[in-house]
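Because the structure is a prediction, the values reported are computed rather than measured. Computation of the quantities below employed the complete heavy-atom set of this structure, encompassing side-chain atoms and omitting hydrogens, waters and symmetry-equivalent molecules.
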Amino acid sequence: MPESTIEPSEPRSAVRSLLRLWPYLRPVRVRLFGSVAVAVTASCLALLIPLVLKWMVDGPVADRDPAGVWLGGGLVLGLGLLEAGLFGVRRWLVARPMARLEAQMRGDLYRQLQRLPVAFHDRWGSGQLLSRGTNDLQILRMFLTFPLVFLIVNGVTILVGFGILLSQQWSLGLVLLLPVVPLVVLCAYFESRYALAARRAQDQIGDLTTLVEESVLGIRIIKAFGRHRSQAVAFREQSHRLRTTELRKARLLADLWALITGLPDVALGAALVFGSVQVADGALSAGTLVAFLSTALALRWPVESLGWLLSISNEAAASADRVFEVMDAPVPEEPDEPEAEKRPGRDDPPAGPADGEGPDGIRFSGVRFRYPDAPEGTPDLLTGVDLHIRTGETLALVGATGSGKTTLTTLLPRLYEATGGRITLDGMDSAWLARPLLRAMVSTAFEEPTLFSASVRDNVLMGAPGATEGDLMRALETAQCGFVHALPRGVDTQVGEQGLSLSGGQRQRLALARAVVGRPRFLVLDDPLSALDVHTEALVEAALRQVLASTTALVVAHRPSTVMLADRVALLDEGRITAVGTHHELLRDNTAYRWLMSGGGERADEQIEGIPA
């Protein structure tokens, strides 16, 4: 199983990556900053406890005053309860807004995925996109809820705590400050290495998700060909790569944690020795030493947690980069009006139909196309297609496998953008039409029918959201979908993921019903009869003739029975239309067409006998 071919964006600092979340944080900034203020207050209250202990040791304990001890104990208990309550308030302040923020980001990401062109989805594995919309957004929410707040809180706590330490005994405070410089240098070193490992791990999770998804969707193929062992090997290899990366992350984090824990503990031990000597010499009170050590111990968690917080921050930064890689992907511009003005850089448009003339049908004028990821130096797939489908006419498009028939049909609804030339619909350049209007005019049924985990009704009406119940029944009848009435709940029956609960022919008929339910102005059918049995094919052909009589249609055909639905036939060869005529004319005059209709045998002239003319 190949790894993802998606190139990650250029590495950037964690701070720059996380700052891109600010537009989402701005609406909840009051509650976020409020939670920070509450948490800082709670942490500073905890630093008051050592001062109470100092007063108790140097006062009531030294003076053997039980009442004072009870008072000090009550103060410590009160400070502890207040600290716990404030941390509860902090959680309440951010929990709901952060959940809403995650939902908003997920909604924006989903809308972006819907707006991005098909060429983008051709390059990205579905598992990569799925992991960005689930795992990465969850990491970001967790970071904003806890680590982000406590990076600030712990930083303020450490500064306040060291201020208290230096004010109590500056010489001991300097001993505790000695590890700061090496810690900063080592943290920066480990952070850069951990950031790379975190990004690699999240990309590998996306690759693994893609593999699992493909294995689930293709389970019938895997079982039919006995490929479960090879899939298991591919899964193990992907899992091993991810495990190796996760272990590297663990080693880096372990080394960082050991340094962050070990160096301050050594400094604390040194401070304890020096402080004890000063107490023995009478230069320092026992209460001050107790308060000093208690404050240092209170700072232990804020210091030690820095390693964990930095690791989460790097993972969140990697997640932000991965999410914004999708959000930053360019979306094709939309015209402002249904028929927009000419765009910069386009050729001058052809004039529409002259006054008094009828609609012009579909025109391809010098249309060229190459896929965005096609290797440099390779020729265009379509090198100059010129074709006119008259209004109300059905034209069959034929050609050898790989000649670009299906690609040409995807240019009509602008699933892909032509790289040259123009396509007009009744005289209007399709490149200037807003996509919603264009796709309301052009309806498509693809060779590979795709159904969604929804009811039959929802799948068919997806082709025309405003269609009535009568339109639904008419479309089902046209596509010979009478089988739906025998389903457990009729048209409200759930067809299951990818429609795999239905046969291939049933899926194709439902896809055909979806294409015709809106009575489209232009209809594109990609080999609409390929998965039907002979009896059903004859019924669907008869119904299609009625539909095609009232629309302008382009039909990709691979066999004579489909060609017979058309008024004329166009032959696509080497990226151009090389012949146009009726089925009979092309059989008589065009050798390449005869060869295609005969099935590509060596003696085509002998095999075309019996082909309907």
Handout entry: Smallest separation among heavy atoms of Leu101 and Tyr24, with atom names
Key = CD1-O, 3.4 Å
Practice task
Under the side-chain contact (heavy atoms from CB on, under 4.5 Å) rule, collect the residues that match up with Leu93, sequence neighbours excluded.
Solution key: Arg31, Ser35, Val38, Val89
Handout entry: Atom pair CZ/CG of Arg514 and Leu472 - distance to nearest 0.5 Å
Key = 13.0 Å
Exercise for the section: With the side chain counted from C-beta on, respond yes when Met98 and Val28 share a heavy-atom pair under 4.5 Å apart, and no when they do not. Expected result: yes
Exercise for the section: Could you tell me whether the side chain of Val118 reaches within less than 4.5 Å of the side chain of Thr410, counting heavy atoms only? Expected result: no
Problem - Test side-chain contact (heavy atoms from CB on, under 4.5 Å) applied to Val517 and Met462, step by step - result: CA-CA 9 Å; Val517 67; Met462 186 175 289; over 6 Å; no
Practice task
Only one of Arg20, Arg123, Arg132 passes salt bridge (Lys or Arg N to Asp or Glu O under 4.0 Å) with Glu325; say which it is.
Solution key: Arg132
Exercise for the section: Could you check if a side-chain atom of Leu82 sits within less than 4.5 angstrom of a side-chain atom of Leu45, using non-hydrogen atoms only? Expected result: yes
Practice task
Could you tell me whether Arg251 and Asp255 have a side-chain N and a carboxylate O separated by less than 4.0 Å?
Solution key: no
Completion exercise
Interatomic distance, CD1@Ile312 vs OH@Tyr194, rounded to 0.5 Å, equals 6.5 Å
Fill in the blank from the handout: For Arg439, the side-chain contact (heavy atoms from CB on, under 4.5 Å) test, sequence neighbours excluded, returns Pro413, Arg414, Leu415, Arg435
Exercise for the section: For the residue pair Gln202 and Asn135, confirm or rule out a side-chain donor-acceptor distance under 3.5 Å. Expected result: no
Problem - Flag side-chain contact, heavy atom, 4.5 Å: Val40 against Val36 - result: yes
Problem - Nearest non-hydrogen partners of Ser17 and Ala317, listed with the distance - result: CB-O, 3.8 Å
Exercise for the section: Measure the OG1-CG distance between Thr295 and Leu165 for me, rounded to the nearest 0.5 Å. Expected result: 5.5 Å
Practice task
Can you sort out the partners of Arg200 under side chain to side chain donor-acceptor pair (under 3.5 Å), two or more places apart, ordered by chain and number?
Solution key: none
Problem - Leu32 CG to Arg90 CZ distance, which is reported to the nearest 0.5 Å - result: 10.0 Å
Exercise for the section: Report the C-alpha distance between Leu144 and Glu102 in whole Å, list the side-chain angles of each, state the deciding distance to 0.1 Å, and finish with yes or no for side-chain contact (heavy atoms from CB on, under 4.5 Å). Expected result: CA-CA 10 Å; Leu144 296 172; Glu102 180 187 10; over 6 Å; no
Handout entry: Check: Leu47 and Leu299 side chains under 4.5 Å, non-hydrogen atoms
Key = yes
Handout entry: Arg29 (side chain) donor-acceptor with Arg26 (main chain) under 3.5 angstrom
Key = yes
Practice task
Please lay out, stage by stage, how Phe120 and Val331 fare under the test side-chain contact (heavy atoms from CB on, under 4.5 Å).
Solution key: CA-CA 10 Å; Phe120 172 89; Val331 176; over 6 Å; no
Exercise for the section: Give a yes or no on this: more than 12 heavy atoms of other residues, nucleotides or ligands lie within 6.0 Å of atom CZ of Phe235. Expected result: no
Run the side-chain donor-acceptor check on residues 145-159: report pairs under 3.5 Å with partners two or more places apart or on a different chain.
unit_1, atom_1, unit_2, atom_2, d
Thr145, OG1, Arg141, O, 2.7
Asn154, ND2, Ser305, OG, 2.7
Thr157, OG1, Val153, O, 2.7

Handout entry: Gly518 to Ala464 - nearest heavy-atom pair and separation
Key = CA-CB, 3.5 Å
Exercise for the section: For the pair Gln238 and Leu242, evaluate side-chain contact (heavy atoms from CB on, under 4.5 Å) and give the outcome as yes or no after the intermediate values. Expected result: CA-CA 6 Å; Gln238 293 271 20; Leu242 178 58; over 6 Å; no
Handout entry: Pro117 side chain reached by Tyr416 side chain, heavy atoms, under 4.5 Å
Key = no
Problem - Test item: Ser167 side-chain N/O and Ile164 main-chain N/O as donor-acceptor pair under 3.5 Å - result: yes
Exercise for the section: Taking all non-hydrogen atoms of both residues into account, name the closest pair between Ser131 and Thr209 and its distance. Expected result: CB-OG1, 4.4 Å
Problem - Contact check, side chains of Trp124 and Thr210, non-hydrogen atoms, under 4.5 Å - result: no
Handout entry: Side chain to side chain, Gln231 and Leu211, heavy atoms closer than 4.5 Å
Key = yes
Problem - Ion pair check, Glu246 and Lys249, cut-off under 4.0 Å - result: yes
Completion exercise
Closest non-hydrogen contact found for Ala467 with Leu461 is CB-CD2, 3.8 Å
Exercise for the section: Flag yes if more than 12 heavy atoms outside Trp22 fall under 6.0 Å of its CH2 atom; otherwise flag no. Expected result: yes
Problem - OH (Tyr371) with more than 12 external heavy atoms under 6.0 Å - result: yes
Completion exercise
The reported gap from CZ in Arg322 to CG in Asp136 (rounded to nearest 0.5 angstrom) is 4.0 Å
Completion exercise
Hits for side-chain contact (heavy atoms from CB on, under 4.5 Å) against Val290, two or more places apart or cross-chain, chain-then-number order -> Leu53, Val57, Ser294
Problem - Pairwise distance CG(Leu109) to CD(Gln104) - rounded to 0.5 angstrom - result: 12.5 Å
Completion exercise
For Asn459 and Ala454 the tightest heavy-atom approach is ND2-O, 3.5 Å
Problem - For Ala46, side-chain contact (heavy atoms from CB on, under 4.5 Å) partners two or more places apart - result: Glu83
